[in-house]
Number of protein chains: 2
Amino acid sequence: MSKPRSRRGGGRPTIADVARKAGVGAITVSRALREPGRVSEDLRRQILAAVDELGYVPDPNARALASARAEVFGVLVPSLTNNVFAEVVRGIYDSLSDSPFRIQIGNTHYSGLEEERLLQVFGSQRPAALIVAGIDQTPGARRLLENAGCPVVQVMETGPDPVDMMVGFSHLDGGRTATEHLLQTGYRKIGFIGARMDPRSQRRLAGYRAAMEAAGLFDPRLVTTTPVPSSVSLGRELFRDALAKMPTLDGVFCNNDDIALGVLFECHRASIGVPKQIGIVGFNDLDMMQVSFPSITSVRTHRYEIGTLSVAMALAAIAGNRPQQRIVDLGFELMRRESTAR
Amino acid sequence: MSKPRSRRGGGRPTIADVARKAGVGAITVSRALREPGRVSEDLRRQILAAVDELGYVPDPNARALASARAEVFGVLVPSLTNNVFAEVVRGIYDSLSDSPFRIQIGNTHYSGLEEERLLQVFGSQRPAALIVAGIDQTPGARRLLENAGCPVVQVMETGPDPVDMMVGFSHLDGGRTATEHLLQTGYRKIGFIGARMDPRSQRRLAGYRAAMEAAGLFDPRLVTTTPVPSSVSLGRELFRDALAKMPTLDGVFCNNDDIALGVLFECHRASIGVPKQIGIVGFNDLDMMQVSFPSITSVRTHRYEIGTLSVAMALAAIAGNRPQQRIVDLGFELMRRESTAR
DNA sequence: GCTAATCATGGTAGCGCTACCATTTGTCTG
DNA sequence: CAGACAAATGGTAGCGCTACCATGATTAGC
């Protein structure tokens, strides 16, 4: 009784099965599903009924092969656990959840080589768009992006020379603004504490340095950094190092909020008054910054929006209308709180 | 001069180009890349040289279509920003980074319906394996998993009835252990504070309740929960609610570490002594728990290992040797710290 | 009223790869 | 040394879908 199935394939219904059941050509089924406007009302109804009855689901692999284009967004981030990128990725997911696009995330581990390798892998499937964190691609990675044959959005930062499109903000300005705030509040011996000094951290440091030099207060001994990945406990340790090096420290600009929280805890532990003896500023403005005691001043960045906007721009480009503005600076906002309120 | 390229396709080299250049059949190239052992040393060298020279990269879509199997791991998690799942996902990525497998993550937003939809999407590409968080799939989702035709690993929890394999631990035991620790330390009016009460949170609550009932101390007014997503600031708010409801509270078991941190901050703010007046226990043991002041007792869970082990089990199953032990309980560890040291 | 443009549909021929089934050669057994 | 068997290689025929190019039917234009 069972009709003979082809030897390969899992026996799932194919577009030909649907076409047969609906009494139309396979190509019409294909069109009914992808460009409903090009198929007459009548046939469309019949076809959708057949699709439903058979439980037909198009095979994305066959589709990608035939059309030389996979319905996949490739996303490259340097870390999955860093809340900053997690928020960007969340924005990307939320913006794509009602679209046919699937998402493939690559974790570069802050390595240019790994980024190139992943770009190669991603490129081989002809993705619909690529979203990559950062603007400091290796020459090889940049070439891969330029030849990807799809919209590319660089996110997290803005810069002068986009591969295609960019959504981010200026980390240098962010670092400078944070430092200037400490200076304006009256702090003088302001340290910089940073872990995992990736290019964006470097630019925040550059912003700090610019502000300190403008005030005639820069001293290299005020800077404490490490390549080790950032964490709250590391923030505590680095702060102790900084204090040992420079006991008269009266403020710190922390490269991120984890570090800032570690500093705050160490202040509690060592009975150092915040904001009286030490002012603390963080970066990113995670939720906990406003809850801590004292609450911590931080530079709010629009991470989720970076994700959603990058998708919107990529989708527009896919649809054929590239946004006029290819570089979008979403800015940042200094959130003044108790940790610098003296 | 230019040899005519086929009208479709991006003009990238194909397996036929490599075969021609190496002077062998296409199928031999295919084998040289996938099962090197089955091709003679000589040919293999020639083929790899041709691959290199042409810059050939296999098309994963064509491969998936021809072999009815995509080299993709589908991963389903309820949240991308929750550090707990981020760690699991990181373990998955690290274990798969040297393999040919790509990863596709789906975000279910804690919704069974969304989980079913994503399972449908993932299933349509015939993934090599599926890793899903949780054991409380809807009947529809469960059916999709059973018919996926690939290894399936349910992670985060263990339970009696796996679809295929399981890696996790008992949240009920975790909740009970945390609560018993508070009881043994002498706390009596112990509250439970939890946000986003997903099935795992419910079971931690059940563990709390079991311990409290065993001690004859359970009182429903000690329990404060909300379906709202968890955050540090929410922890603070819920703790205030809990105190308002039950001013004599002398301990809290927090459903996770964010909540615990919020509670700690509120204690600082309201000058409530920790651990003297209130004992605090968190869940998951994020890095910051050991750094906070006072440091916070928490139940350490092995999230990264859940990720790596789930991949190892899936890979073994793909290779044909399913692990004997299909359910692996990775347990947890109570980390006693200052917040309960009285 | 006749040609030209538009619309709705279908047939054919791949997309780039691998499963399946030869074929050839070399090696082992009795 | 014949027959059996394994190892190395290749040819063919799809996998399930869509791009491209017809085809016939309708409408528009002058």
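In what follows, chains are A, B, ... by sequence order, proteins preceding strands, each numbered from 1.
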Which angle, to the nearest 10 degrees, lies between the helix axes at the two ends of the helix from dG1(C)-dC30(D) to dG30(C)-dC1(D), each defined by five pairs?
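Result, rounded to 10 degrees: 20°.
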Would you indicate what R34(B) reaches in the nucleic acid, counting non-hydrogen atoms under 4.0 angstrom: base, sugar-phosphate, or nothing?
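Result for R34(B) = sugar-phosphate.
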Which is true for R31(A) with a 4.0 Å heavy-atom rule: it touches a base, it touches only sugar-phosphate, or it touches nothing?
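Base, at least one base heavy atom under 4.0 Å.
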Using whole Å, report how far [atom1] of [X] lies from [atom2] of [N].
X: E71(A); N: dC17(D); atom1: CD; atom2: P; result: 13 Å
X: R12(B); N: dC17(C); atom1: CZ; atom2: P; result: 8 Å
X: E35(A); N: dA19(D); atom1: CD; atom2: C1'; result: 11 Å
X: I47(B); N: dC17(C); atom1: CD1; atom2: P; result: 13 Å
X: D42(A); N: dA8(C); atom1: CG; atom2: P; result: 12 Å
X: R69(B); N: dG16(C); atom1: CZ; atom2: P; result: 23 Å
X: N61(B); N: dT18(D); atom1: CG; atom2: P; result: 13 Å
X: I15(B); N: dA19(C); atom1: CD1; atom2: P; result: 11 Å

Presence of [X] side-chain N/O under 4.0 Å of [N] phosphate oxygens OP1/OP2:
X: S40(A); N: dT9(C); value: yes
X: T28(B); N: dG10(D); value: yes
X: R38(A); N: dA8(C); value: no

Are any non-hydrogen side-chain atoms of [X] and [Y] less than 4.5 angstrom apart?
X: I318(B); Y: F101(B); answer: yes
X: T81(B); Y: Y304(A); answer: no
X: I105(B); Y: Y93(B); answer: yes

From C-beta outward on [X], which listed nucleotide comes closest to its side chain: [options]?
X: A62(B); options: dG16(D), dG16(C), dA19(C); value: dG16(C)
X: A66(A); options: dG10(C), dC17(D), dC20(C); value: dC17(D)
X: R126(B); options: dT18(D), dT18(C), dG16(D); value: dG16(D)
X: V24(A); options: dC17(D), dT9(D), dG10(C); value: dG10(C)

Under-4.0 Å salt bridge between E146(A) and R143(A)
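No, this pair does not count.
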Flag the pair R90(A) and E87(A) as a salt bridge only when some basic side-chain nitrogen lies within less than 4.0 angstrom of an acidic carboxylate oxygen.
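A salt bridge links R90(A) with E87(A).
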Quick one: on DNA chain C, does R63(B) or V29(A) contact a more 5' nucleotide (nearest heavy atom)?
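Between the two, 5'-proximity favours V29(A).
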What closest approach, in Å, do V167(A) and L309(A) show between heavy atoms, and which atom pair accounts for it?
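That closest heavy-atom pairing would be CG1-CD2, 3.9 Å.
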Taking every non-hydrogen atom, the tightest pair across N107(A) and L118(A)
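Of all heavy-atom pairs spanning N107(A) and L118(A), the closest is O-CD1, 3.6 Å.
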Working for side chain to side chain donor-acceptor pair (under 3.5 Å), residues S67(A) and R63(A)
CA-CA 6 Å; S67(A) 64; R63(A) 199 171 249 190; over 6 Å; no
